[in-house]
Amino acid sequence: TEEDARQCAQLIAETFALQNPITRFDQVTAEQFFADVSWPLSDELLSEKLSFLVRYRDTNEIVGGMIAGDFYRYHHN
């Protein structure tokens, strides 16, 4: 769902802001990364149905995910 995609994009933004060396060097916050990168990308690629998320079975909490898209299709449209 769109809400799942939004939560996954938020988790990815938080992870990148804290752990990616370039993002840390540039002092990009999780909020900035979410607004500028992870949510726009997730929203654009949601219809391709190539991304996935991982839930913790006991709580149904989203604990991981991957944003994926078809680069061939992207470059030939």
Side-chain angles (χ1 to χ4, degrees):
T1 67
E2 185 174 329
E3 182 56 31
D4 288 341
R6 182 177 291 277
Q7 289 178 19
C8 197
Q10 183 64 45
L11 178 63
I12 289 170
E14 292 167 3
T15 301
F16 262 79
L18 291 174
Q19 297 182 10
N20 182 278
I22 294 172
T23 305
R24 289 185 61 179
F25 178 80
D26 288 340
Q27 298 179 339
V28 176
T29 66
E31 292 80 12
Q32 290 171 315
F33 195 89
F34 176 80
D36 296 341
V37 181
S38 65
W39 177 240
L41 187 60
S42 294
D43 190 39
E44 181 179 338
L45 297 176
L46 185 62
S47 65
E48 291 188 19
K49 298 182 180 178
L50 296 174
S51 302
F52 67 88
L53 58 87
V54 179
R55 293 184 185 273
Y56 182 62
R57 190 174 291 189
D58 291 344
T59 63
N60 210 32
E61 175 188 12
I62 296 172
V63 295
M66 184 180 80
I67 301 170
D70 184 344
F71 284 126
Y72 179 84
R73 190 169 126 187
Y74 179 79
H75 287 290
H76 291 279
N77 281 338

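Nearest approach of Glu14 to Ala30, heavy atoms of both residues: CA-CB, 3.9 Å. Of all heavy-atom pairs spanning Phe33 and Val28, the tightest one is N-CG1, 3.9 Å. Contact record, Ser42 with Ala9: OG-CB, 3.6 Å, taken as the closest heavy-atom pair. What you find for Ala17 and Arg24 is that their closest heavy atoms are O-CG, 3.4 Å.
In the hydrophobic clustering of ILVMFWY residues, with side-chain heavy atoms under 4.5 Å counting as a link, Ile12 and Leu45 come out together. Residue Phe16 is not grouped with residue Trp39 when hydrophobic side chains (ILVMFWY) are merged at heavy-atom distances under 4.5 angstrom, including chains of intermediate members. Placement of Val37 and Ile67 within a single hydrophobic cluster is found when ILVMFWY residues are connected by side-chain heavy-atom separations under 4.5 Å, directly or transitively. Grouping the Ile, Leu, Val, Met, Phe, Trp and Tyr side chains by contacts below 4.5 angstrom, directly or via other members, places Val63 with Phe52.
Between the side chains of Tyr72 and Asp70, no donor N or O sits under 3.5 Å from an acceptor N or O.
Atom CG of Leu18 is surrounded by more than 12 heavy atoms from other residues, nucleotides or ligands within 6.0 Å. In the displayed structure, Gln27 atom CD is contacted under 6.0 Å by at most 12 heavy atoms of other residues, nucleotides or ligands. With a 6.0 Å radius and a threshold of 12 heavy atoms from other residues, nucleotides or ligands, Arg55 has its CZ atom above the threshold.
Interatomic distance, CD1 of Ile62 versus CG of Asp4, reported as 4.5 Å (0.5 Å rounding). For the atom pair CZ of Phe25 and CG of Asn20, the computed distance is 12.5 Å after rounding to the nearest 0.5 Å. Atom CZ in Phe71 sits 10.5 Å away from atom CG in Leu50 (nearest 0.5 Å). Here the straight-line distance linking atom CG of Leu41 with atom OG of Ser51 works out to 7.5 Å at 0.5 Å rounding.
Between the side chain of Gln32 and the backbone N or O of Thr29, at least one donor-acceptor pair lies under 3.5 Å.
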Between Gln10 and Arg6, is a side-chain contact (heavy atoms from CB on, under 4.5 Å) present by the stated rule, with each step listed?
CA-CA 6 Å; Gln10 183 64 45; Arg6 182 177 291 277; 5.9 Å; no

